[in-house]
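Quick notes on the structure that follows.
The first residue in the sequence is number 1, and the count goes up from there.
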Amino acid sequence: MNKRFIIFGAAILTLVGMRAQTGGIDAILQQIEANNKELQANSHLISSQKLENKTDNNLPDPTLSYAHLWDSKNSDETVGELVISQSFDFPTLYATRGQMNRLKTSALDAQATAFRQQILLQAKEVCLDIIMLQRQQTLLDERLKNAEELSAMYAKRMETGDANALETNKINLELLNVRTEARLNQTALSNKLKELLALNGNQPLTPGRPLPGTTLTARALGLTEYPAVPLPTDFRPLVDGLLASDPALQSLQGASSAAQKQISASRQGWLPKLELGYRRNTESGHPLNGVVVGFSFPIFENRNKVKIAKTQALNIDYQKENAALQASSTLWQLYEEARNLHASMEEYQRTFQQQQDLALLKQALMGGQISMIEYFVEISVVYQSKANLLQLENQYQKAMAQIYKSQL
């Protein structure tokens, strides 16, 4: 019974750990989606553009006119005329423009989705930078602690005559350099956290639920480990799905369909405009009522509009084709970049597994098996290699985030 409980508990902890890797970033992106000022502004802009498109299909304003006439020789003889009329386009034109507006609305929705994904991608990249800087800070803190211990040790040796000034100065310079790097890295980390807060509209980031008055940290937000993003073995079938779900391409597709409807609407612009109304003519004691029917033939107004609509449709079609080519090329470039980065990461990780531990180097230095110069050469290479691995992991995560941007 106890064994089953332990296994069950271990499984739960493992699951929680796996969810925490992505939970921190996902929860932050949800907050930013709700609080980002640019997204809120763009939402209102899209709404206004949708309403503006609808106004193009409105009826013209009705007209009301009244004329009062009198006889110049006999002022008692007067005539009054009241006319109320409403003009409108040929009915089929309203249906065509309604279909075109629905296509424009679909294109605007896709445009809003593309803008949203761009903001969330920016926020995710900031989160990935925070993870890298946090891990780099851990590495620098380890390096700083090691340098401080060596500095204190060699200071005592200097007092007893077991160390020379050259070695002591070398350690002190190492300590100074590491402290400077740690401070600069901490500043960069703090700036990234502020940038993330600004993307959230300067609202508190709730995923980590920091206590009131506490400083925002990467650990509090759960930004300490990268999410697991495996490299696809066969990218070709994945590209088709990514392109199909790309909202930027969907927006251009909607704009292209709307442009085709605009051609149809421009052709129907040659149909006559209609006018219906009521007319009342009041002569002295003899009022007359009637109906007003009118037609307007667009002989001049619609000239060249069909050609303009066709040219605009061709322009959008070429833009759509170019955007599809560029998007496909970008995805393949990102995949190639991610593949090379992944290969380099694996090489570094294999090398680290085969390399001796830094603690062993320190023991060798203390035991006099290697000199101070040899020690610093070794640890400099190791720490630089670890820093390179952190950079590679960050670039790989960013490349994969851009590849899967349409899933944000």
Side-chain angles (χ1 to χ4, degrees), residues 42-69 79-115 247-283 287-324:
N42 188 68
S43 175
H44 290 292
L45 175 62
I46 295 296
S47 297
S48 68
Q49 290 174 338
K50 289 179 181 180
L51 292 174
E52 185 178 358
N53 289 337
K54 288 182 179 180
T55 60
D56 295 337
N57 207 26
N58 290 344
L59 287 171
D61 295 329
T63 61
L64 185 149
S65 63
Y66 177 75
H68 182 75
L69 308 175
V79 177
E81 186 177 71
L82 174 68
V83 178
I84 301 174
S85 63
Q86 172 68 59
S87 62
F88 51 91
D89 293 322
F90 205 80
T92 58
L93 189 55
Y94 288 100
T96 302
R97 283 199 295 243
Q99 294 172 357
M100 181 178 65
N101 287 338
R102 285 191 289 273
L103 291 170
K104 286 183 177 181
T105 296
S106 176
L108 287 172
D109 288 336
Q111 182 181 329
T113 301
F115 185 79
L249 298 181
Q250 292 174 357
S251 177
L252 286 171
Q253 179 59 48
S256 176
S257 300
Q260 294 299 322
K261 280 295 177 183
Q262 180 62 55
I263 295 175
S264 177
S266 298
R267 285 173 176 161
Q268 293 181 48
W270 290 107
L271 296 172
K273 299 179 185 296
L274 307 176
E275 182 180 11
L276 291 176
Y278 165 75
R279 181 170 183 170
R280 180 180 177 83
N281 189 294
T282 57
E283 296 186 10
L288 298 175
N289 299 306
V291 177
V292 176
V293 179
F295 296 90
S296 173
F297 298 97
I299 298 175
F300 307 108
E301 182 182 355
N302 204 54
R303 181 175 295 175
N304 292 327
K305 285 190 176 181
V306 175
K307 292 182 180 179
I308 293 172
K310 287 182 177 180
T311 304
Q312 291 175 343
L314 282 173
N315 172 49
I316 294 175
D317 286 342
Y318 282 125
Q319 287 186 34
K320 181 182 68 174
E321 292 177 11
N322 179 66

Handout entry: Residues Leu64, Leu82; criterion side chain to side chain contact (heavy atoms under 4.5 Å, CB included); working and verdict
Key = CA-CA 7 Å; Leu64 185 149; Leu82 174 68; 4.2 Å; yes

Fill in the blank from the handout: Given the options Ser85, Ser87, Ser296, Glu275 meets side-chain hydrogen bond (donor to acceptor under 3.5 Å, both in side chains) only with Ser85

Practice task
Run the numbers on Asp109 and Lys50 for side chain to side chain contact (heavy atoms under 4.5 Å, CB included), then give the verdict.
Solution key: CA-CA 9 Å; Asp109 288 336; Lys50 289 179 181 180; 2.5 Å; yes

Completion exercise
Heavy atoms of Gln268 and Thr92 approach each other most closely as OE1-OG1, 2.9 Å

Problem - Closest heavy-atom pair and its distance - Ala255, Ala107 - result: N-CB, 3.7 Å

Exercise for the section: Please round to the nearest 0.5 Å and tell me the distance separating atom OG of Ser256 and atom CD1 of Ile316. Expected result: 6.5 Å

Handout entry: Side-chain H-bond candidate by donor/acceptor type, Asn315 with Gln319, under 3.5 Å
Key = yes

Completion exercise
Minimal heavy-atom distance between Gln86 and Pro60, with the atoms involved, is NE2-O, 2.9 Å

Exercise for the section: Mind checking the CZ-NZ spacing from Arg102 to Lys54? Nearest 0.5 Å is all I need. Expected result: 10.5 Å

Exercise for the section: Go through the steps to decide whether Thr311 and Ile308 satisfy the test side chain to side chain contact (heavy atoms under 4.5 Å, CB included), and finish with yes or no. Expected result: CA-CA 5 Å; Thr311 304; Ile308 293 172; 5.8 Å; no

Practice task
Kindly indicate whether the side chain of Gln253, heavy atoms from C-beta on, has any atom under 4.5 Å from the side chain of Leu249.
Solution key: no

Exercise for the section: Measure the shortest side-chain to side-chain distance between Leu93 and Lys273 over non-hydrogen atoms and say whether it is less than 4.5 angstrom. Expected result: no

Completion exercise
Rounded to the nearest 0.5 Å, the NZ atom of Lys104 sits from the CD atom of Gln262 at a distance of 6.0 Å

Handout entry: Check: Arg267 main-chain N/O paired with Asn302 side-chain donor or acceptor under 3.5 Å
Key = no

Problem - Atom of Ser251, atom of Ala110 and distance for their closest heavy-atom approach - result: N-CB, 3.5 Å

Exercise for the section: Would you indicate whether the side-chain heavy atoms of Asn289 and Arg280 approach each other to under 4.5 Å? Expected result: yes

Exercise for the section: Compute both the distance and the angle, then confirm whether Arg97 meets the cation-pi test with Tyr94: under 6.0 Å from the six-membered ring centre, within 45 degrees of the axis. Expected result: yes

Exercise for the section: Please tell me if the side chains of Ile84 and Thr63 come closer than 4.5 Å, counting only heavy atoms from C-beta onward. Expected result: no

Practice task
Measure the shortest side-chain to side-chain distance between Arg303 and Pro298 over non-hydrogen atoms and say whether it is less than 4.5 angstrom.
Solution key: no

Practice task
To the nearest 0.5 angstrom, please state how far the CG atom of Leu314 sits from the CD1 atom of Ile263.
Solution key: 7.5 Å

Handout entry: NZ-OG distance between Lys320 and Ser257, expressed to the nearest 0.5 angstrom
Key = 7.0 Å

Exercise for the section: Please check if atom OH in Tyr278 has more than 12 non-hydrogen atoms from other residues, nucleotides or ligands closer than 6.0 Å. Expected result: yes

Practice task
Run the numbers on Ile46 and Phe115 for side chain to side chain contact (heavy atoms under 4.5 Å, CB included), then give the verdict.
Solution key: CA-CA 11 Å; Ile46 295 296; Phe115 185 79; over 6 Å; no

Handout entry: Student check: side-chain heavy atoms of Leu274 and Phe295 closer than 4.5 Å
Key = yes

Handout entry: Reported CG-to-CG distance for the pair Leu103 and Leu108, which is rounded to 0.5 angstrom
Key = 11.0 Å

Completion exercise
In short, Lys261 meets Thr96 closest at the heavy-atom pair O-CG2, 3.8 Å

